[in-house]
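This report refers to the structure that appears directly beneath it.
Lettering follows sequence order; numbering is per chain, from 1.
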Amino acid sequence: MKPSLPQGTRDFSAEVVRKRNYIFETIRNVFELYGFQPLETPAMENLDTLMGKYGEEGDKLIFKILNNGLERPEKHAMAKADFEKVLDGKNTKGITERALRYDLTIPFARFVAMNHGQLSMPFKRYQVQPVWRADRPQKGRYREFYQCDADVVGSNSLLNEVELANIYATVFKKLGIQVEIKINSRKILTALAEVCGGPEQVINITVAIDKLDKIGMDKVKEELATRGLNIEQVSIIEKYLSISGDNQEKLDQLSALLGANAQGNQGREELRYVLDYCQQSSFICDLSIDFTLARGLNYYTGIIFEVKAGNVQMGSIGGGGRYDDLTGLFGVPNIPGVGISFGVDRIYDVMEELRLFPGTVQSGTKVLFFNLGAEESKRAYSLMQQLREKGIATELFHDQAKFDKQFKYAEKKSIPYAVMLGGQELLDNTCNVKNLQTGEQQTIAQQDLPGFLS
RNA sequence: GAGGGUGUAGCUCAGUUGGUUAGAGCGACAGUUUGUGGCACUGUAGGUCGUGGGUUCGAGACCCAUCAUUCUCCCCA
């Protein structure tokens, strides 16, 4: 058979793994620096934990796992009946009761709902694990990819939003990626809906305005009209979408447009609070208000974030926001939270495209001992172990072979030093150390080798 | 869910209006007389042209189907 990979999945070579780890470590370190603690959850969840949490589209993209044991004869009648339901587009526990994780937020909410008694609030966790989506793969879109999430639950304080915004700024600064961190509030979108036909319009409105930069103002207006908004309401939304200027100007214009709407005032005050805080914080955390930002997930209720990379064509590389009642879905009400997510695979693609990985990321074997005979390699082996004890990655060539071959092996693995210890050196208790980049070679005492290379 | 592109050696790709035995570069392996690499030179291996049908005297090329892959839309990280 011809081996192949499931669609949308990838193998990662040593070079790629090292680059990915560089991103993971950068993000993890910043999370830790801000007091977040790690959590891991299973790759699979019960299907009903996930269903209905990501909207209608999201449900379709959940990878479902077929139950085991359906072939057992005593289950045939039931299994056939259940399969009929599946053919009608319904899910049934008889066929599938588990599914692969779709994101990290809902499993976290499940975890909090199960353990809230033991957790000291506010509880800050981060999580770095793969998620799976039965989506059609394309550029920057995979079926298996990693998310790095940081969430705080059990606190309404906007200080959390400030912290998370600063985490975004810090991580992308460390990685050297120029980004635009966009911020908005769901409350402002709610207020807009209240002014334009009532709260039940909020989904219709957000779906439409989210498309603004893709389909343009005219098409958005068209779509709003077909979704039941009258001319006056459409014109308010047009004014809303036309708001421009710096953050302060945008807030002022919004104020004029929405007037005394309570939700609107609250959303505006929250934005102002976060922006003020970030402005006076000691490092650069450049947030820009984007009133067209909506975010697809419908559990967000307050401030929302999205991160776009500059100078490159790529979907968002991070997103998040506040949700007032995520655990309510699991029977534990009144635990508010806010969180952000990093899309590592897209960050990788961006960094690769812009050549942002530092050369130091690749560090494999540092020293190769040449194999020049039985006695020689025995001595080399004991020297090698001394180097390894000092934390220096070292290899001994597997066979006695021509110099040519051993040099080429070192070169292919980009090993910077070769140590040659032959018959003469065996007698002298010396060895020849060659720097393979410069070609310089020197003879030193064997006992000095660990010190020389560290 | 809707619509395009592409499938030829391990990799990147040539292959003329359909015409004999399908090519190149890179890579791999071996060697250029057995203790100093990168360069160069020589040689070797490796392809049922994604798969199955069809048209034709003749198909890698044309037609149909199928599978894989990739991109766009929807949605998303």
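- On the P atoms, B/rU33 is 16 Å away from B/rU42, given to the nearest whole Å.
- Residues from residues 438-454 of chain A lying near RNA chain B, meaning a heavy-atom separation below 4.0 Å, are A/Gly439, A/Gln441 in numerical order.
- Between A/Lys402 and B/rU32 there is a side-chain N or O to OP1 or OP2 distance below 4.0 Å.
- Taking a 4.0 Å limit (strictly below) on heavy-atom distances, residues 406-424 of chain A reaches RNA chain B at A/Phe407, A/Lys408, A/Glu411, A/Lys412, A/Met420, A/Gly422, A/Gly423.
- Following rounding to the nearest Å, A/Asp404 (CG) and B/rA40 (C1') show an atom-to-atom distance of 13 Å.
- Nucleic acid contact for A/Asp345: none, since no nucleic acid atom lies under 4.0 Å from a heavy atom of the residue.
- Closest non-hydrogen pair, A/Lys53 versus A/Tyr299, comes out as O-CD2, 3.8 Å.
- Taking atom P in both B/rG58 and B/rU21, the straight-line distance is 14 Å, to the nearest Å.
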Legend entry - 5'-to-3' dot-bracket of RNA chain B (Watson-Crick, G-U; under 3.5 angstrom; crossing pairs as [ ]; | other strand): (((((((..((((.....[...)))).(((((.......))))).....(((((..]....))))))))))))....

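- The distance between atom CG of A/Leu5 and atom C1' of B/rC67, rounded to the nearest whole Å, is 16 Å.
- Using a 3.5 Å distance cut-off with no hydrogens or angles, the side chains of A/Asn67 and A/Thr96 do not pair a donor with an acceptor.
- Between A/Tyr300 and A/Tyr323, the ring planes lie tilted relative to each other; the angle falls in the 30° to 60° range.
- Of the candidate nucleotides B/rC75, B/rC76, B/rC73, B/rC76 has the atom nearest to the side chain of A/Arg133.
- Across all strands, A/Ile347 comes closer than 4.0 Å to no nucleic acid atom at all (heavy-atom distances).
- When each of B/rU32, B/rG37, B/rG35 is scored by its nearest atom to the side-chain atoms of A/Glu425, the top-ranked nucleotide is B/rG35.
- Between the CZ atom of A/Phe145 and the P atom of B/rC76 there is a distance of 12 Å, rounded to whole Å.
- At a cut-off of 3.5 Å, with distance as the only test, a side-chain donor of A/Asn429 or A/Arg379 sits close to an acceptor on the other residue.
- Protein atom CZ of A/Arg143 is 9 Å distant from nucleotide atom P of B/rU69, rounded to whole Å.
- Contact annotation: A/Gln138 does not reach the phosphate of B/rU70 (side-chain N/O to OP1 or OP2, under 4.0 Å).
- Atom-to-atom, CZ of A/Phe305 to P of B/rA77 comes out at 15 Å; the value is rounded to the nearest Å.
- Closest of all the heavy-atom pairs between A/Asp59 and A/Leu50 is OD1-O, 4.3 Å.
- Looking only at atom types and distance, the side chain of A/Glu161 has no donor-acceptor partner in the side chain of A/Tyr277 under 3.5 Å away.
- Residue A/Lys60 is out of contact with every strand shown, counting any heavy-atom pair closer than 4.0 Å.
- Distance check on atom P: B/rU69 versus B/rA30 gives 35 Å, rounded to whole Å.
- Counting any heavy atom pair closer than 4.0 Å across all strands shown, A/Ser341 reaches no nucleic acid atom.
- To the nearest angstrom, C1' of B/rC71 lies 10 Å from NZ of A/Lys139.
- Across B/rC75, B/rU32, B/rA2, the shortest atom-to-atom separation from the side chain of A/Arg141 is found for B/rC75.
- Nucleotides B/rC26 and B/rC71 have their P atoms positioned 29 Å apart, rounded to a whole Å.
- The pair A/Lys434-A/Glu440 does not count as a salt bridge, with every side-chain nitrogen at least 4.0 angstrom from each carboxylate oxygen.
- A/Glu376 places its CD atom 18 Å from the P atom of B/rU34, with the value rounded to the nearest Å.
- Rounded to whole Å, the separation between the C1' atoms of B/rA68 and B/rG25 comes to 26 Å.
- Rounded to whole Å, the distance from OH on A/Tyr142 to P on B/rU69 is 14 Å.
- With respect to the salt-bridge test (charged N to carboxylate O, under 4.0 angstrom), the residues A/Glu352 and A/Lys19 qualify.
- Using modelled atom types, one finds no donor on one side chain facing an acceptor on the other under 3.5 Å when comparing A/Arg388 with A/Gln386.
- Side-chain contact check for A/Glu45 and A/Tyr102: no donor-acceptor pair (N or O, by modelled atom type) lies under 3.5 Å.
- A salt bridge links A/Lys413 to A/Glu395: one of the charged nitrogens lies within less than 4.0 Å of a carboxylate oxygen.
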